[in-house]
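As structure tokens, the structure follows; a few thoughts come after it.
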Amino acid sequence: MTILGAGISLVAGYLLAAYLHSAWMLAAAGIWLSVCRLLPQPKRSWLTLYLLITILAGLYFTGYEFFHRSSLQPLAADEKVVWAKGELQAPVQRDGDVARMFVFLSAWKEKNGSWIDIPGKERVALRVKLDTETEARQVETWRHGGTFVAPVQLALPATARNPHAFDYKQYLYYQRVHVTAEADYADIKWTSTGSGIWSFFQSWQAKAANRVDELFGDPKTAGYMKSLLLGVREDVAVEWGEMYSELGLSHILAISGLHVTLVSSMFMWLLERIGINRKHALVTTVLFIIGYVMLVGASASAVRSGLMGGVALACQVWNKRLDGREVWAGALIVMLLYDPYQLWNVGFQLSFAVTLGLIRYVPYLYAGGQTPVWLRTLLAVTMTAQMVSFPFVVYHFHQFSPWSWLVNLLATPLLSSLVLPLGYIALLFGTLHPALAIMPVWLSTQLLEWVHAPLFALENMRLPYTHWPHPDWWWLIGYGIFLLLLPKLWDLGYHRRRDMILYLIVLAGLIIAARQPFSGHNEVRITYLDVGQGDSIIVEVGQKKVYLMDAGGKTAWEIREPWREKRDPYEVGKDVVLPFLRSRGITHVDRVVLTHGDMDHIGGMDALLGRITFGAVLTNGTTPKAKELELLARFQAQSVPIWSGEPGLSWTDMPGVEWKWLHPGRSAGYSGNNASVVLQLTAYGNTVLFTGDIEADGENMLLENGIPVIDVLKVAHHGSKTSSTEAFLTATAPRYAIVSAGQRNRYGHPSPEVLERFAKHGTNLFRTDRHGAVTLTISSKGISWKTQLADT
């Protein structure tokens, strides 16, 4: 038996236990007993042992889930306010007037009740509201291990309300958190301050971060260097983080094997220069790695690289040689036994997958050739990392730049081999005296400016094929099989020139298949996004055209106190509409429809203008004001044509799909909600009506001009009682209707009177406040619906 085989069996057991009924264990054992007699004895013994590990791993995972179940969920479901005793468990992250952290709650009680102990303590995500700048500064001094008593309001975490969006509930679940809590800073009573080794390293990290702020005067550069050197990512400038993400460079800002290797090598070199013998230097460096991993926050990638680096150095102490794959598997087993849920951590997946890829592929790509060794190594590492990380990146983030491999090939060596060590030298010298750090600070800053200038220019080009549709399960399996078979085939001798060409053809085919070029050709897909109180609808007409009708949004309130300002405030266009477009692989929108100028319809367009290309803009033809005027000016600056229409105008995108402009006309004289653009889409014999925010007067105009019976109605004005009149519903007789409204919105939308009218007409009603995003697919076979959430 190998450690690698045991590690793979462990992962298989966890996955089977997570996604299948526990009866799979008995079924697996039964099937194995029935076929094991057909296998020769040596293989039978090893495979039986691997099967046993898989079953034991499944049992371990099931037990782990059982012991980490929540006892507070019933209270959270009712959003109860209770008193709780807790212990701070992780670093505090403050963003404006809110601080977030993980805590262990050990007991709770009603206001005048007695304390009830929580078995084994429960991990909770705590949100603390801050009222003053003093509180904001004080909350940043909280450390691991501090205990408190406070009244908290419990709640259940929200799940994703749009397709392939970030699922906060699932994210917390794999952090062993089932319940969230909220408290006011003033109500929290500390019973002890933070103590222990984690508190010590947090304080050390905070002091080092403050030192970086002092040495690097520019806040953006300081925030970048804190992430690069210390793993403190909260202060990275938003635009810098977005650029790194867009170009596939985010791994540079995460503490990884590159950091551990570089820092430990520098440390060991110093030890040997001052006369410490190699064996003692190796042991000291192993201890240094442990401290370094804890200092930078012990992320999954840091722990993985620390474990593997420590084992590698220990082997040198004992003059032992180990297969890199066995060391990799050992680190995998240790980390997954400590916390099985790490298997669903994106950083964990990327770190282990890319590392195994480097171990497995680099020797093949590196071998042979007349090019210099350093260039062959650089090419092998870059291409392997890109190839292995590709499925993970498109699955989780739906982004992968076609220039990522070239950017990594050129930028990563400069940033990791020059900026990173210069940063550590500056931090070390600056600790002795700030004047000693002047030169390394200046050099690293100049290098950053020199590297970032072309990177930002490349990002602003808005290249095609940077957004990738959410991959199908069969594609993920196929790509994984290809990665696994490639080294096996190579070892069997299939590495002739024609074999290499075949491998490249298969890889190219898999990448093309990831674009899903053959899906949705003969259908119209309409997604009514849940953007809260607002509208945003994406219409995909086969592979021909993409329409974006509004982009949601809300009015931005002026923040008078700078300390309250969020580093990256929530914005519908950036946080809802853009991620959905990415998950559909959309980088170009053929038609933008700005139904009218209200902020809850056009406010989200700001975030899209710099990241998506557009073919044309359709407006209602009225004189634009305020935000609409600003947006149209930006469209014009990008040479995007702006059109309007008249009742009776129609156009066809492909056979069986026709659009009609119904309202308004240039001479109608409507304004405000009643000037909303109204379009009629007929697809394969089914009619869909998009109504914007028209009210009774606008509906009457549609009736006067003649409107057919329709199949699907986008309910006007979020279900307000001023729309969806009895006469309009009688004339259109919709079979289905969709209301786009925010959860618990202050307007009471949809109106009870409107709901009664739809019920009277027998209309099947979908609501984004209850169902989340609603997806309608129309094809020659008919209509199908899919909602993000069950009806609540």
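Each residue takes its place number in the sequence, starting with 1. Hydrogens, waters and symmetry mates play no part in the numbers below; they use all other heavy atoms, side chains included.
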Please check this pair: side chain of [X] against backbone of [Y], looking for a donor-acceptor N/O pair closer than 3.5 Å.
X	Y	answer
Q153	A181	no
S536	D550	yes
R567	V236	yes
H467	Q399	no
D600	G552	no
R462	I612	yes
T787	V774	no
N345	G347	yes
N745	Y747	yes
Q516	S519	no

For residues [X] and [Y], establish whether the separation of their ring centroids is below 6.0 Å.
X	Y	answer
Y479	W475	yes
F397	F392	no
H470	H396	no
H164	F580	no

Could you pull out the closest heavy-atom pair between [X] and [Y], with the gap in Å?
X	Y	answer
S724	E699	N-OE2, 2.6 Å
P664	S676	CD-O, 3.7 Å
P402	T466	CD-CG2, 3.9 Å
S250	S245	OG-CA, 3.3 Å
T725	A696	CG2-CB, 3.9 Å
I602	G597	CD1-O, 3.5 Å

Check this for me: [X], atom [atom1], are more than 12 non-hydrogen atoms of other residues, nucleotides or ligands nearer than 6.0 Å?
X	atom1	answer
Y174	OH	yes
Y465	OH	no
K627	NZ	yes
K80	NZ	no

Taking C-beta and beyond as the side chain, do [X] and [Y] meet within less than 4.5 Å on heavy atoms?
X	Y	value
I738	W785	yes
M461	W403	no
V546	V541	no
D535	L529	no
E630	M605	no
S401	E246	no
L765	V739	yes
R161	L789	yes

Partner set under side-chain hydrogen bond (donor to acceptor under 3.5 Å, both in side chains) for S720, not counting sequence neighbours
T722
For D653, enumerate each residue passing the side-chain hydrogen bond (donor to acceptor under 3.5 Å, both in side chains) test, keeping only those at least two apart in sequence or located in another chain.
Y547, W659
Atom CZ of F614 and atom CZ of F635: how far apart are they, to the nearest 0.5 Å?
5.0 Å
In Å and rounded to the nearest 0.5 Å, what is the CZ to CG distance from R767 to L755?
5.5 Å
Return the orientation label for the H521 and F518 ring planes: parallel under 30°, perpendicular over 60°, tilted otherwise.
tilted
Would you call the rings of W344 and Y341 parallel, tilted or perpendicular if under 30° counts as parallel and over 60° as perpendicular?
perpendicular
Tell me whether [X] is salt-bridged to [Y], with the criterion being a basic N under 4.0 Å from an acidic carboxylate O.
X	Y	value
E523	K781	no
R634	E628	no
D568	K574	yes
R757	E726	no

V177 and Y171: side chain to side chain contact (heavy atoms under 4.5 Å, CB included), yes or no, with the steps?
CA-CA 9 Å; V177 172; Y171 165 77; over 6 Å; no
Between side-chain atoms of residues 677-688 and protein atoms elsewhere (two or more places apart, or another chain), which donor-acceptor pairs fall under 3.5 Å?
from, atom 1, to, atom 2, distance (Å)
Y684, OH, N522, O, 3.4
N686, ND2, Y684, O, 3.3

Salt bridge (Lys or Arg N to Asp or Glu O under 4.0 Å) between K566 and D97: does it pass, once the steps are laid out?
CA-CA 8 Å; K566 299 288 192 294; D97 56 4; 2.8 Å; yes
When you look at H771 and Q788, which way does the side-chain hydrogen bond (donor to acceptor under 3.5 Å, both in side chains) test go after all the steps?
CA-CA 6 Å; H771 298 100; Q788 183 70 14; over 6 Å; no
On the ring face of W468, is R582 found with NZ or CZ under 6.0 Å from the centre and within 45° of the axis?
no
Side chain to side chain contact (heavy atoms under 4.5 Å, CB included), that's the test. Do I694 and H717 meet it? Break it down for me.
CA-CA 6 Å; I694 60 168; H717 201 196; over 6 Å; no
